[in-house]
S.K.: 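Got a structure for you, written out below as structure tokens; questions coming shortly.
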Amino acid sequence: MYVEDLRNAVGKERKMRVKSHICAEKVPFSRTHFKTEGLNRGRLISELSRVTTVKFQPSEGNALLFSVPSSDKTKVVAIFDSLCYDYIIIKETGPFLRILRLLRRWGILAGALLVTGALCVYPFSVSDIVTDGECNAEISRILTESGVVRGAFLWDFDADAVEKRILSLYGISFASVTKRGTRVYVVVRNERDDAEFDTVPTSSVAASKRAVVTRAIVFSGTLLVKYGDVVDEGTALIAPYVLVGEERVACAANGEVFGKTYTEATLFYPDTVITREYGDTKTYTRLSFFGKVPETPDSPFEEFELSVNTFRNSFLFGYGVFEYTFREVRYTEMQNTMTEEQMTAAAVSSVREKLSPDAVVTDSIVSVRRAEGGTYVKVTLEAEERIDV
Amino acid sequence: MFIDEILDRFGIEDAFAPFTVNIIGNGHVVISGIKSVTFSSASEVCVRFSKGGLKVTGENLLIVQIGGGDAYVKGDVKGVELD
């Protein structure tokens, strides 16, 4: 409504419509801008200056641009009318006027408030959760209970409390929870496995058999024997210390000690040997009820071996199946056809088996003696082997 | 106020100073005690006091503000002449 049209031909001025129907006269600190043309502007200025304070703006030609407080607009208009001046109200300005006009644009205002509210609220949201380390289900549960969930809002986020809860879990050595912007960073480190410690034996290395010491390799400790020493089983070979000056410093005893051992054995080879041979087999099956054991059938063989297999079924009144297998056994007397050399070799081989695999046989003494019913072969093996195991 | 200090130094009262003209540099003139503006253009501004008048000449003269008997004239002031 508040449109003042250009009524005079002052050129083709573009009409500027004041868009607001807000009454500027009632708004403090508002100014109304006028434009007019005409001669004898001195009189106009005088009249205007009597009723209000006028501020002039630079203008071209005969135009006169000035502004007055909006509260004096009616007075100015009255002066124009009394002097028959044509005038244009170009605009009305003022800080409060601008605000009032803005308030009329409720859509913009609502949008500005919405944006402001969103900007104020958004930093409290959780847009992403960045994890570093092994975050198991338990840690996820703690985060969820603390409100750290994508899309949630954390108004009062206590990162220290969440860290403490995570650290209280078993196997967690480090935890860090920080919120930077809208992201929550969770760093978790698990405890390392316990270190494995090697046990260091503190006992001496002792001889496992009687021997004559030949050589030794000491890894740690102090060798107590030398070449040619005769040691019995249990004799200490390497002591668990080293000498530093005159002081004994404890350490593990470790090493390899070799010595000559003598292994003796006497074997008897009879002239006749009774061997066992198996012949036919015969199987009998018996059925019994009510848990009874049937009588063993008679063997069809004079010499035999018997094996029995049973099967029981306890369903209802139950029954048992007994299977008797007779195997015929024949004993045959055979003559020992081994020669003396063969018996010697067998005896030596038999004694050799008693030695450790890495033993080196250095000498063997064999004596053969005939006796009633057979032959005695006595074997003595000299070997160098480890005597510390 | 500034004008009061000046009057006090001259030993005159306000009643004997019906108008004042302050020239600031060569681009600003402040006139007090105006009764009317007789002429105004870009080259000349004429005002009248209760007794006498004043003419400001120059180029691109503009009455920046006027009211309450005071006027502020800005521009390239060449001369200020009292009638």
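Convention: sequence-line order gives letters A, B, ...; per-chain numbering from 1.
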S.K.: Using non-hydrogen atoms only, which part of B:Ile63 is less than 4.5 Å away from chain A: side chain, backbone, both, or neither?
M.R.: both
S.K.: If you count every heavy atom of other residues, nucleotides or ligands that lies below 6.0 Å from A:Trp106 atom CH2, does the total exceed 12?
M.R.: no
S.K.: Roughly how far, to the nearest 0.5 Å, is CZ of A:Phe66 from CD1 of B:Ile66?
M.R.: 11.5 Å
S.K.: With 3.5 Å as the limit, can you list every donor-acceptor pair between chain A and chain B, backbone and side chains included?
M.R.:
unit_1, atom_1, unit_2, atom_2, d
A:Ser46, OG, B:Val37, N, 2.2
A:Ser46, OG, B:Val37, O, 2.8
A:Ser49, O, B:Gly68, N, 3.3
A:Arg50, NH2, B:Lys35, O, 3.4
A:Val54, N, B:Ile66, O, 2.6
A:Val54, O, B:Ile66, N, 2.7
A:Phe56, N, B:Val64, O, 2.8

S.K.: Quick check: are there more than 12 heavy atoms from other residues, nucleotides or ligands sitting under 6.0 Å from CZ of A:Phe29?
M.R.: no
S.K.: Tell me whether A:Arg189 at atom CZ has more than 12 heavy atoms from other residues, nucleotides or ligands lying less than 6.0 Å away.
M.R.: yes
S.K.: List in chain and number order the residues that pass salt bridge (Lys or Arg N to Asp or Glu O under 4.0 Å) with A:Asp158, two or more places apart in sequence or in another chain; answer none if no residue qualifies.
M.R.: none
S.K.: Considering residues, nucleotides and ligands other than A:Arg98, do more than 12 of their heavy atoms fall under 6.0 Å from its CZ?
M.R.: no
